[in-house]
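Below is one structure, written out as structure tokens; the observations come after it.
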Amino acid sequence: MTRRILLLFVIISGFVLNLFALDIDYTYIVDYDHKTINGDVHVLPGGSIMNSDNSPWTLTINGNLINEGSIVNNPVVYTLSVELNGDLTNSGTISCTRFTMIGSSANTINSSSPITSDDFFVTNPAGLVASGDIEFSTTDVDFNNYNLDLNAGYDLILNDGYISDAVITGVSTSEINLSNTAYLQRTNITDCSLNGTVEIASGVEFYGDVINNGIMQNYSSSPYTLIINGNIINNGSIQDNTGSSLTVYAYGDVINHSTWNCYRLDLKGTTPQTLSLFNSAVFNTTYLSNFNTTSILSGTDLSFLNTSLDFNDNTLELTSGFDLVLVDGYIEESVITGTSDSEINLSNTAYISYSDITDCSLNGTVEIRTGVNLYGNVINYGILQNYSSSPYVLTINGNITNYGSIQDNTVYSLTVDSYGDITNNSTWNCYRLDLKGTAPQTLSLFDSAVFNTTYFSVFNATSIISGTDLTFVNTFVDFNNNALDLTSGFDLILDDGYLTEAVITGISESEINLSNTAYLQNTEITDCSLNGIVQIGTGVKLYGEIANNGIIQNYSGSSYTLTINGNITNNGLIQDNPGGSFLIIDTYKNITNNGIWTNYYTKLVGTTDQNILIMNNSSFQNHYFSMFSEFTTEPLQWYFDGAILDSPICSGETSVELYTTDIAIDSLFNGTYYCETGDGPSRNIIISSMVYESPTITDGSYGNGIINMFWDDIPTAISYNIYSSDDPYSLIHTWTFETEVFTNSCTILDQTEQKRFYFIRAVY
């Protein structure tokens, strides 16, 4: 062996070797005489430094170290520790027990070969600067809270072991690469990328922009928390280790391109944070909690899988038109704002609770629990229902348009409290729909949609406005004495159920159409026509101009009174319920009967003159038909056409009520009736009859679903109503109204049935 000393002279004083540089190409033994080297050391290939076999020794190098050979423990016994006061460049083997960087100014380090010492310590307060990649293997690396500078873009690599108490700064090309259960603890990392399998123990924080290209997970011994004070871009996997979990505290933007399925992701920024997903990535965290009181912004569509989203009453902004997708899990205590292009899509029993949503569309299967409020303009394209655990209430403070289904879950039920307009284009069959606005609310139905709620209640004291015909199926409709406005000429259709405590105002084109045991009670109707089978319960009153084109009868099971405070024209059938009991009618104004009027008891009880017009040979065929004097003071005497009435078919000529029993009231009763009383003469009741000419169809044609018809002109007719049916022998009141025209011809489109019959009725 040879020793090369690159100095002009050497001073050996005690245990210190004083020189400027030492090249070692032999085995350099650290013992009593070789504990400190004051100068640079270069271990050449084939050279080595080791302790003697008589004791563990520490070698201090007060210069720079270039190692191309080996620095190792004596293979026989005892160990070597190295303290380096200068720069380190390693391309050989360093596997001594401990290697410590002890300088006082920033030293450089470059290790292209892995340092495999048991421990690598940094006690240099100025820290280390990477002059190349730094690689460790099976080493515990402890920086004692001093710096490692990777700003030149070099990498830090560790296979097994840990990095502890380090303050690491880099750039986007600087990489920290861990493998084989290597982990970080009590370490701050700024502007670095991560690769390999980076395991996180306690006290790890990232700053700046951090890019993960590998696997980030908690160290296996326990659940741990990673703090990301800056932005993170994940191109790899952020996940739980087997048997325990990772929590991520994010204070900046989060961008995920790949796998994110750690236990928790908590957003804790103090300025708006942006979440973004690319390449079909999702967040698959068990919990995502937002503690940022400013807002969370969507940078893309956001998809969550099996995640419990809790925003702690803070805001998620979807106002760039992005979507929120959740498969399983829940959204809780969230304030979500969007646009008409923003969609909330839930599936697989995912649900929402204690959340406010503004200007978003809904899709998938959105399940509702307690405290959900919708604001602005909300569009439902999917299934909107209660969560299965209990009945729940959804509050819609804005307007909703439904293209999907609003329904009860298969278990329990959904109640909707609506404060705005409702447009239903599809299925609405939840348990309750309550209208609670403080300004007029408009209801509209399109595409043959209906309301099929069990209960429909109105608590709006202003009015409900029909924007289209309104159809309810199997619904108990309760207006709580509030108003329904049909003055745009739309219809109210009720198939089964009932209508109660409604104040309805319409025009001549407005129709109330009931069928299939549906009935009215405690309801006021003004200026509407009636169609279908209108069953009368308690407290029904009609005002204005009323036309009956269907069947009016009492609701089955009991006798009820219908009060007609306005004028009524009967073109249909007024009768007792065929199932039993009676219909009683109190009329206060004029009557035109152009149909069949056969109910048990009809009373003329007005306080002003009443005109009773019997059209086209019709009649009143009541069990009782009576006229009442508005004055009751005796003596009482009824007169007919100015003469005392003394008729064998009338009763009560000297009482308040003049009536007939089981007598058809027809044109034979034409004349003027009144009662002389102790208070003077009563009002006049005038019965008259008229036969109007009926139109006769003279010509017609059919082709491509279009019917053209012509008929004789009737000069005295105001207009003509056209009706159709597939059965020419059915009752007239069951025929379908097609249109009203004002000339003696019409064209009807979309008549595609193989057989159809028509008749025309003149309106005078």
Side-chain angles (χ1 to χ4, degrees), residues 16-22 35-43 49 58-67 71 80-92 94 96-115 117-136 139-158 161-178 184-193 203-210 229-230:
V16 179
L17 182 61
N18 295 289
L19 41 76
F20 291 135
L22 173 64
K35 294 176 65 175
T36 302
I37 299 174
N38 288 325
D40 298 336
V41 174
H42 186 176
V43 181
I49 298 175
T58 298
L59 171 65
T60 301
I61 301 173
N62 289 315
N64 303 318
L65 172 62
I66 300 173
N67 176 46
I71 301 173
L80 174 67
S81 296
V82 175
E83 295 179 348
L84 178 63
N85 199 18
D87 299 336
L88 172 62
T89 302
N90 175 49
S91 59
I94 299 178
C96 56
T97 295
R98 175 173 293 185
F99 196 103
T100 306
M101 305 291 290
I102 63 170
S104 57
S105 59
N107 295 126
T108 63
I109 180 172
N110 177 356
S111 181
S112 58
S113 293
I115 298 171
S117 296
D118 293 341
D119 298 308
F120 184 94
F121 285 175
V122 177
T123 61
N124 183 344
L128 304 181
V129 177
S131 57
D133 293 341
I134 307 167
E135 187 170 354
F136 297 92
T139 302
D140 295 339
V141 182
D142 189 340
F143 273 76
N144 290 290
N145 296 315
Y146 299 134
N147 296 336
L148 171 61
D149 184 344
L150 300 177
N151 286 308
Y154 295 116
D155 301 338
L156 172 62
I157 303 166
L158 174 62
Y162 63 71
I163 297 171
S164 178
D165 298 289
V167 179
I168 303 172
T169 59
V171 293
S172 60
T173 55
S174 307
E175 184 174 280
I176 297 176
N177 191 317
L178 274 61
L184 303 174
Q185 66 180 5
R186 297 187 299 277
T187 292
N188 295 343
I189 299 171
T190 302
D191 292 331
C192 292
S193 64
V204 178
E205 299 191 29
F206 291 161
Y207 294 84
D209 294 321
V210 177
N229 294 286

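This structure is a prediction, so every number in the text was calculated from the model and none was measured.
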Phe99 ring center near Phe121 ring center (under 6.0 Å)
no
Side chains of Ile71 and Leu65: closer than 4.5 Å at any heavy-atom pair?
yes
Is there a side-chain hydrogen bond (donor to acceptor under 3.5 Å, both in side chains) between Asn229 and Glu205? Walk through the geometry before answering.
CA-CA 7 Å; Asn229 294 286; Glu205 299 191 29; 2.9 Å; yes
Side chains of Thr187 and Ile189: does their closest heavy-atom pair fall under 4.5 Å?
yes
Just one of Ile134, Ile61, Ile94 clears the side-chain contact (heavy atoms from CB on, under 4.5 Å) bar with Leu88, so which one?
Ile94
Shortest non-hydrogen pair, Val129 vs Ala106, comes out as CG2-CB, 4.2 Å
Side chains of Asn144 and Asp165: any donor to acceptor distance under 3.5 Å?
no
Minimal non-hydrogen separation, Tyr146 against Val122, with atom names
CD1-O, 3.5 Å
Run through Asp133, Leu156, Asp155 and flag the one making a side-chain contact (heavy atoms from CB on, under 4.5 Å) with Glu175.
Asp155
Please check if any side-chain donor atom of Asp149 sits under 3.5 Å from a side-chain acceptor atom of Asn147, or the reverse.
no
Asp191 and its side-chain contact (heavy atoms from CB on, under 4.5 Å) partner, picked from Asp209, Thr173, Thr169, Leu150
Asp209
So, do Leu59 and Glu83 sit near enough that their side-chain heavy atoms are less than 4.5 Å apart?
no
